[in-house]
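Remarks on the structure that follows.
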Amino acid sequence: MSMSKQQNIYGSSQQEVTNAEFDSLGQAEIDGAGTDELLDEIDALLDTNAEEFVRTFVQKGGQ
Amino acid sequence: MGVETEFGLVAYRNGHAVLGPEEISRYLFRPIVSEYRSSNVFTENASRLYLDVGAHPEYATAECDSVGQLLTYDKAGERTFHQLAIQAEQALAKDGITAKVYLFKNNVDSLGNSYGMHENYLISRELVLKSFSKQLLPFLITRQLLCGAGMIKNGKFWLSQRADQVWEGVSSATTRTRPIINTRDETHGDSHKFRRMHVIVGDSNMSEPTFVLKIGSTLLLLEMLEAGVKLPDFELRDPIAHIRDIATDLTGSTPLTLRDGTTVTALEVQEATLEAAKAWLEQRPDEGTPNEEFSRIIELWQRVIDAITRQDYSGIDTEIDWAIKLKLLSSFKQKLATDWAHPKLAQIDLAYHDINPERGLFYHLQKQGYAKRWTTEDAITAAIKSPPQTTRAKLRGEFLHLVRTTNAEHNVDWVQLKVNRPEPQTVRLLDPFSTADAAYDELINYVTEHHGNC
């Protein structure tokens with residue numbers, strides 16, 4: 001079953017996701033300045049080198 | 001009840017690691033060591049702060065008797081470590097090292113090493129062990145549907161970070177394999193009356209409602225088991241076999257094989273427990289966690305089940321960690337027009353758990369209204385400074401305050417309060433919920449008499 005509705009993820013209106021396949025979320029369009037603004041804010045909080053940030057984080061196992 | 005949390009710790013400079021875990025943890029604990037001459041201490045709110053195996057900073061809350069209270073003490077631990085991280089950055093700068101210190105409240109590192117949060121529940125010795133297999137184990141392996149922290153792994157989104165570990169059902173040993181439930185007779189209390197149940201399968205939660213749902217749902221089940229409420233028998237043939245499947249099935253339909261060969265889905269186990277909890281709430285005495293709070297927890301529990309049933313998470317995507325995280329990751333996944341393996345998504349997955357309220361992604365969402373709260377910052381600040389007033393933590397906190405301000409040499413653990421001079425005087429507080437004790441009063445008088453007042 002294909003996605004029948006667009007999903008406005010952080011915008012003001014929420015619409016139902018009718019599909020159980022999560023990859024299909026990639027087909028929805030982002031609509032609204034709300035989402036873009038939030039994603040930009042999130043971007044600003046992140047280090048530029050994503051791979052290094054993650055790879056660097058190594059701990060020994062705990063209990 | 002209490003919760004212990006192990007944090008991940010790393011320091012970055014220009015995106016690269018600076019110093020190893022042992023060195024960073026020395027900087028982190030410097031203010032503690034300088035004040036208390038130890039890196040294993042009770043803080044002024046009677047919680048414990050220490051460095052665990054593998055240089056994990058760890059915080060164990062004081063004993064709490066309600067879910068909302070436990071939330072504030074868990075968050076107090078985050079704030080305390082965040083303050084130490086800021087001081088560590090300042091100390092590093094003084095030593096000519098510019099670095100950003102990160103503490104992560106999560107459960108896996110980049111290599112898949114796992115560490116955790118452990119829940120402690122006091123249960124009576126009468127609680128029958130077989131209820132563990134029939135109700136508790138099935139509940140705990142499906143509980144990730146309610147309160148998993150979410151994680152990207154092997155090109156998929158998983159509900160839980162802890163699911164992908166080696167588990168055992170019930171065991172008394174905590175060495176190689178990890179038992180989901182661990183009941184210990186060595187209790188920090190009267191072992192004639194109580195046992196301590198240790199649960200280590202839970203994810204560390206950033207979201208306040210998610211934490212409350214995790215603890216609250218478990219507590220309701222334990223209360224029902226203690227009260228002898230009739231509950232469905234979900235004894236599974238091989239409980240551990242299902243954990244990973246449940247984590248990767250966001251529809252909750254993973255079939256779990258019961259002892260008689262029939263199956264039940266992960267969601268059905270949660271639904272049945274919830275229905276029983278609703279009935280229990282009608283007859284439950286209003287003590288410990290208030291019924292009012294439990295009714296909000298039950299309402300959220302129902303909404304999570306509805307959301308998973310309908311495959312529409314919009315009703316819970318500001319309150320449940322995995323749903324909040326999934327929404328954020330999905331937005332970036334769409335924006336970048338990529339798949340789950342993109343490194344940016346892994347970075348977001350990790351930075352979600354950064355406990356710095358000015359930098360962590362979860363905290364940004366909470367500040368902007370995309371993640372709901374259950375408590376207030378004022379309540380958390382109060383919890384940093386003073387112990388729970390409704391458990392023996394109150395007495396430990398008062399004792400510590402007195403001996404520290406009068407410089408009376410002392411030893412304290414979860415049960416015992418001891419002053420060493422002029423003569424050693426020890427009091428054992430065996431009831432975790434008792435806030436008054438005659439021997440304790442005598443001890444306070446003794447200290448005041450010989451060391452002064454504060």
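Residue numbering restarts at 1 for every chain, and letters A, B, ... go by the order of the sequence lines.
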What are the two closest non-hydrogen atoms of [X] and [Y], and how far apart are they?
X	Y	answer
Ile42(A)	His364(B)	CD1-CD2, 4.0 Å
Ala50(A)	Pro343(B)	CB-O, 3.7 Å
Arg55(A)	Ser110(B)	O-OG, 3.3 Å
Leu46(A)	Lys344(B)	CD1-CE, 3.8 Å

Nearest-0.5 Å distance, [atom1] of residue [X] to [atom2] of residue [Y]:
X	Y	atom1	atom2	answer
Glu52(A)	His16(B)	CD	NE2	5.0 Å
Ile348(B)	Leu39(A)	CD1	CG	8.0 Å
Asn49(A)	Asn14(B)	CG	CG	10.5 Å

State, with a plain yes or no, whether a side-chain heavy atom of Leu38(A) is found less than 4.5 Å away from one of Leu365(B). yes
Any donor and acceptor pair, going by atom type alone, linking the side chain of Tyr102(B) with main-chain N or O of Phe57(A) inside 3.5 Å?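 Not a single qualifying donor-acceptor pair exists.
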Would the distance check show the side chain of Gln59(A) and the main-chain N or O of Tyr115(B) forming a donor-acceptor pair, the cut-off being under 3.5 Å? no
Tell me, side chain or backbone of [X] under 4.5 Å from chain A's heavy atoms, or both, or neither?
X	result
Phe104(B)	side chain
Asn106(B)	side chain
Tyr363(B)	neither
Lys100(B)	side chain

Geometric class of the Tyr12(B)/Phe53(A) ring pair [parallel <30°, tilted 30-60°, perpendicular >60°]: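 Phe53(A) and Tyr12(B): parallel rings.
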Assess whether a salt bridge exists between Lys335(B) and Asp36(A), defined as any Lys/Arg side-chain N lying under 4.0 Å from an Asp/Glu carboxylate O.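 Salt bridge absent between Lys335(B) and Asp36(A).
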